[in-house]
Amino acid sequence: MKYDFTAIEKKWQKIWEETKPFAAKDGGDKPKYYVLIEFPYPSGDGLHVGHPRPYTAMDILARRRRKQGYNVLFPIGFDSFGLPTENYAIKNKIHPAEVTKRNTARFAAQCKMLGYSFDWDRAIDTSDPEYYKWTQWIFLKMFENGLAYKASVPVNWCTSCKCVLANEEVVNGVCERCGSEVVRREKSQWMLAITKYAQRLIDDLDGLDFTERIKLLEKNWIGRSTGAEVDFTTTAGDTLRVYTTRPDTLFGATYMVISPEHALLKKWEPLLKNADEIHAYQLEAARKSDFERTELAKDKTGVRLDGVSAINPVTGGEIPVFISDYVLATYGTGAIMAVPGHDERDWEFAKKFSLPIIEVVAGGDVEKEAFTDCDTGVMVNSGFLNGLSVADAKTKITEWLTDKNLGESKVNFKLRDWVFSRQRYWGEPIPMIYCEKCGWVPVPESDLPVLLPDVQNYETTDTGDSPLAAMTDWINTPCPHCGAPAKRETDTMPNWAGSSWYYLRYADPKNKDALASKKAIDYWTPVDWYNGGMEHVTLHLLYSRFWHKFLYDIGVVPTPEPYKKRTAHGMILAEDGQKMSKSRGNVINPNDIVDEFGADTLRLYVMFLGDFEKDAPWSTSSVKGCKRFLDRIWGLAEKSLNGKDNQFSAAHEKALHRAIKKVGGDIEALKFNTAIATLMSLVNDFYETPPTRGDIKILLSLLSPFAPHIAEELWGLQGFSGHADSDKWPDYDAAKTIDDELEIAVQIGGKLKGTVRVPTDSPDEAVLAAVLADEKLARLTENRELVRTIVVKNKLVNLILK
RNA sequence: GCCGGUGUGAUGGAAUGGUAGACGUGAAGCACUCAAAAUGCUUUGCCCAUCGGGCGUGCCGGUUCGAGUCCGGCCACCGGCACCA
């Protein structure tokens with residue numbers, strides 16, 4: 001009989017659909033294990049061959065855990081709110097909800113085609129009102145706790161489309177759609193105070209089993225720095241507060257720079273003799289996009305404030321104040337003290353504007369370049385700090401500033417609060433109402449969800465408001481507080497909202513009274529193993545950790561962290577080594593591969609093609625190697641075999657024990673490629689010496705997480721009891737993985753000269769005797785004095801001769 | 001510029017400081033076949049060669065009995081961040 005993968009895969013998928021062997025049970029005797037993949041965004045293109053890599057990996061893990069006796073939760077859902085769907089809907093004039101329905105159906109069918117052991121009964125959809133009701137509820141809780149606030153922040157504004165653009169929509173400083181200029185503009189937006197959690201988001205990484213590169217990326221992104229805030233008095237009378245990480249260099253501060261957006265500029269306007277020039281500079285800076293501001297960074301620009309200067313608090317000297325766009329309004333206090341001797345940017349600026357450069361840390365040549373080394377320098381020209389190391393000077397000056405009430409130590413983060421408003425239709429409505437009298441009033445919990453109304457036109461508007469702004473019937477609503485006429489918020493949430501808590505909903509996806517029951521959350525969370533893309537580490541992963549911590553603080557979840565373990569997969573590249581993308585036309589569709597080779601082959605291949613954590617190019621011609629492997633297994637296992645079901649043959653006993661150990665260990669270490677190589681070797685052995693029933697049973701049991709359909713089919717054909725996917729993961733006997741006799745490498749002076757065979761665990765003398773008994777090796781040692789012998793047990797002998 | 005990562009046969013990739021190249025692809029040969037495909041078996045890092053020997057993991061050095069692996073200094077490529085004071 002031929003290996004008819006199409007029929008076999010359909011058969012088992014139907015059985016799984018009907019008998020639901022992968023449905024998770026809420027409770028029971030077995031220990032729980034929660035395996036999570038990043039749920040897909042159901043785009044119109046369907047699954048591409050990149051999706052199966054992480055999905056198959058986690059499916060293998062989930063299937064192994066079930067065989068190990070765990071109660072496994074391995075859920076799936078759809079992150080369906082978002083811009084691509086909305087744009088597709090606009091282009092094709094189909095309602096986004098309709099588009100979502102079609103796309104999710106297609107994705108689900110594709111996932112089923114690949115035989116994933118998801119618990120489909122728990123499938124969720126972030127655009128389902130029953131779901132986003134709770135996304136809105138969390139937002140309300142955040143508002144209640146002072147974490148959600150409305151603020152005016154700079155956004156990308158297209159001068160022609162008259163609307164706000166996402167950063168991704170700004171390409172080389174111009175609007176992606178119309179090619180016109182994009183400027184920064186202040187706009188009132190809902191914000192989430194993620195910065196209040198910055199310290200905890202860093203600290204709590206320590207206790208988590210995340211791969212190091214993930215932790216590092218999050219830490220760098222949050223960007224903690226320690227320094228001090230220092231007050232400078234000005235001739236205008238106001239205090240100008242700066243943030244610095246080098247308070248030790250205060251004596252070397254020869255000028256100050258404030259950002260063009262700094263609030264004091266407005267106040268100081270009457271005092272400024274060159275107000276026009278400053279205005280022009282401010283306008284120019286505003287006109288520049290972030291992109292230009294950083295690209296043109298090499299050449300420093302700025303304008304000196306004519307009419308206001310500052311006093312250095314330690315020297316008492318009067319120093320000039322500049323505005324320059326190299327100082328960011330959004331970091332620190334939006335103002336800096338400039339120490340050109342010890343900061344590269346300040347040095348450049350000082351050179352350009354011929355400002356004095358004072359050396360306050362000895363060790364370099366400040367006339368040639370800024371000396372920024374903190375470890376070796378000694379303080380000079382710094383009054384009471386002279387002679388101290390940089391570290392000691394930092395401590396002393398900070399104490400001094402605190403003492404004199406001129407400043408204090410301060411920690412800053414690069415992380416900014418999260419801009420949470422989108423002027424788009426296809427997202428969760430932000431459940432807030434604006435009342436002239438009461439201000440922003442939250443929608444009462446009992447009125448949730450605030451349903452996304454049906455609109456005729458969901459295109460963006462000329463005014464930059466959400467398409468919802470035209471829905472007067474929907475907008476106008478009485479104030480929940482005083483009953484006066486009021487208006488709903490028309491902005492929606494960003495696509496990261498629904499995915500920030502979805503793993504909680506899986507615990508209890510149909511709950512109508514809470515985002516999930518306390519019992520279900522206590523039982524299932526935290527997620528035991530979460531795998532996803534590296535590109536989500538600084539967005540989704542961070543956002544969801546933030547939300548989870550908030551939910552922990554208000555007593556909704558029992559742990560401070562949502563995910564115990566996080567790993568990340570590499571991308572599958574096209575055959576040319578480039579990223580797969582529709583525009584390059586190099587995308588591989590999994591359906592084509594499944595049609596030609598079968599789902600089991602595709603699953604094997606995506607796991608076999610390289611190191612799971614690294615990018616790897618696709619190769620259609622290599623896929624057939626995996627198909628051949630399955631064909632060879634089929635050839636061995638479809639016919640009737642001798643032997644007992646639960647006994648290994650003497651010929652294969654060692655190889656089997658080793659394979660059980662290796663495959664299990666490799667799955668845990670994400671080394672799926674070598675796990676499959678081990679199985680391939682085993683099959684090669686079986687072609688040399690025919691296997692017994694017991695041998696084949698183990699092979700199928702180990703294979704079943706990787707290629708579940710064929711394993712199950714052959715299991716049945718052999719008449720083994722039960723199913724391959726529920727059969728206990730086999731145990732190995734460490735003693736039986738060891739050979740009786742080994743080949744020992746023989747080196748002379750560190751160079752490999754030959755090998756000898758000796759019994760395992762032979763004493764050193766026996767090994768040496770074997771070496772001398774070898775004619776060739778003995779000849780090489782003739783007439784030479786043995787100076788030293790190194791023996792590595794069961795591995796190698798190294799003879800050092802004179 | 002800063003922070004990561006990577007560099008191994010024709011090729012995708014294996015190798016707790018201990019026999020480099022497992023496993024797969026490709027290629028060559030043999031068997032089966034009228035023939036081809038499929039399948040099975042064999043060979044396949046490079047150089048000289050008869051046994052055998054020499055050289056080999058981006059480059060240069062170091063540590064070590066022994067280095068793809070550890071250390072120092074380069075080079076190249078990929079990714080992220082980028083005037084964060």
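In what follows, chains are A, B, ... by sequence order, proteins preceding strands, each numbered from 1.
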Base partner of [N], which must satisfy Watson-Crick or wobble distances under 3.5 Å:
N: B:rC30; value: B:rG40
N: B:rA20; value: none
N: B:rC46; value: B:rG54
N: B:rG4; value: B:rC78
N: B:rU63; value: none

[atom1]-based separation of [M] from [N] [nearest Å]:
N: B:rG5; M: B:rU44; atom1: C1'; answer: 32 Å
N: B:rC60; M: B:rC48; atom1: P; answer: 23 Å
N: B:rU16; M: B:rG68; atom1: C1'; answer: 15 Å
N: B:rA28; M: B:rG73; atom1: C1'; answer: 44 Å
N: B:rC32; M: B:rU25; atom1: P; answer: 24 Å
N: B:rG53; M: B:rG9; atom1: P; answer: 25 Å
N: B:rG72; M: B:rU6; atom1: P; answer: 16 Å
N: B:rC78; M: B:rC30; atom1: P; answer: 44 Å

Specify the residue among A:Phe413 and A:Thr678 whose closest nucleotide of RNA chain B lies further upstream toward the 5′ end. A:Thr678

On RNA chain B, does the nearest nucleotide to A:Ile336 precede the nearest nucleotide to A:Lys753 from the 5' side, or the other way round? Give the residue. A:Lys753

To the closest 0.5 Å, what do you measure between [atom1] ([X]) and [atom2] ([Y])?
X: A:Leu799; Y: A:Leu777; atom1: CG; atom2: CG; value: 8.5 Å
X: A:Leu604; Y: A:Leu609; atom1: CG; atom2: CG; value: 11.5 Å
X: A:Thr538; Y: A:Ile214; atom1: OG1; atom2: CD1; value: 11.5 Å
X: A:Leu250; Y: A:Leu406; atom1: CG; atom2: CG; value: 9.0 Å

State plainly whether the residues A:Lys776 and A:Asp774 are in salt-bridge range, i.e. N to O under 4.0 Å. no

Does the distance from a Lys or Arg side-chain N to an Asp or Glu carboxylate O, for A:Asp611 and A:Lys671, drop under 4.0 Å? no

Nucleotide by nucleotide, 5' to 3', does protein get under 4.0 Å of the base (B), only the sugar-phosphate (S), or neither (-) in nucleotides 5-17 of chain B, counting heavy atoms? -S-----BSSS--

Can you list the residues that meet the side chain to side chain donor-acceptor pair (under 3.5 Å) rule with A:Thr620, with sequence neighbours excluded? A:Glu575, A:Trp618

Which residues satisfy the side chain to side chain donor-acceptor pair (under 3.5 Å) test with A:Tyr605, sequence neighbours excluded? none

Which residues share a ring-ring contact (aromatic ring centres under 6.0 Å, His included) with A:Phe353, sequence neighbours left out: A:Phe322, A:Phe349

State which residues pass ring-ring contact (aromatic ring centres under 6.0 Å, His included) with A:His657; sequence neighbours excluded, sorted by chain then number. A:Phe648

When you look at A:Leu201 and A:Glu218, which way does the side chain to side chain contact (heavy atoms under 4.5 Å, CB included) test go after all the steps? CA-CA 9 Å; A:Leu201 287 168; A:Glu218 288 219 339; 5.8 Å; no

Under the 3.5 Å rule, do the base of B:rC81 and the side chain of A:Lys414 count as making a donor-acceptor pair? no

Return the polar atom pairs (N/O with N/O) between nucleotides 63-67 of chain B and the protein under 3.5 Å, or none.
unit_1	atom_1	unit_2	atom_2	d
B:rC65	OP1	A:Arg788	NH1	3.2
B:rC65	O2'	A:Asn798	ND2	3.3
B:rC65	O2	A:Asn798	ND2	2.5

Under 4.0 Å between any heavy atoms, over every strand shown, what does [X] touch: base, sugar-phosphate, or nothing? Just pick one.
X: A:Lys579; result: nothing
X: A:Glu743; result: base
X: A:Arg416; result: base

Could I get the full list of salt bridge (Lys or Arg N to Asp or Glu O under 4.0 Å) partners for A:Arg53, not counting sequence neighbours? none

With sequence neighbours left out, write down each residue that passes salt bridge (Lys or Arg N to Asp or Glu O under 4.0 Å) with A:Asp375, or none if nothing qualifies. none

Going by salt bridge (Lys or Arg N to Asp or Glu O under 4.0 Å), name the pairs with one or both residues in residues 741-754 of chain A, residues two or more places apart or in two chains. A:Glu741-A:Arg757

Name all pairs fulfilling the salt bridge (Lys or Arg N to Asp or Glu O under 4.0 Å) condition that reach into residues 629-638 of chain A, sequence neighbours left out, sorted by first residue then second. A:Lys627-A:Asp631

Can you tell me how far [atom2] of [N] sits from [atom1] of [X], to the nearest Å?
X: A:Leu542; N: B:rG80; atom1: CG; atom2: P; value: 18 Å
X: A:Leu415; N: B:rC81; atom1: CG; atom2: P; value: 14 Å
X: A:Met256; N: B:rA85; atom1: CE; atom2: C1'; value: 11 Å

Using a cut-off of strictly less than 4.0 Å between a heavy atom of the residue and any atom of RNA chain B, enumerate the qualifying residues of residues 772-780 of chain A by number. none

Protein-nucleotides 38-43 of chain B N/O pairs closer than 3.5 Å?
unit_1	atom_1	unit_2	atom_2	d
B:rG40	OP1	A:Arg632	NH1	2.6

When syn is taken as a glycosidic angle within 90 degrees of 0, is B:rG52 syn or anti? anti

Using a cut-off of strictly less than 4.0 Å, decide whether A:Ser225 has a side-chain nitrogen or oxygen near OP1 or OP2 of B:rA85. yes

The side chain of A:Thr755 lies closest to which of these nucleotides: B:rA85, B:rU19, B:rA22? B:rU19

A:Glu344, CD: over 12 other non-hydrogen atoms inside 6.0 angstrom: no

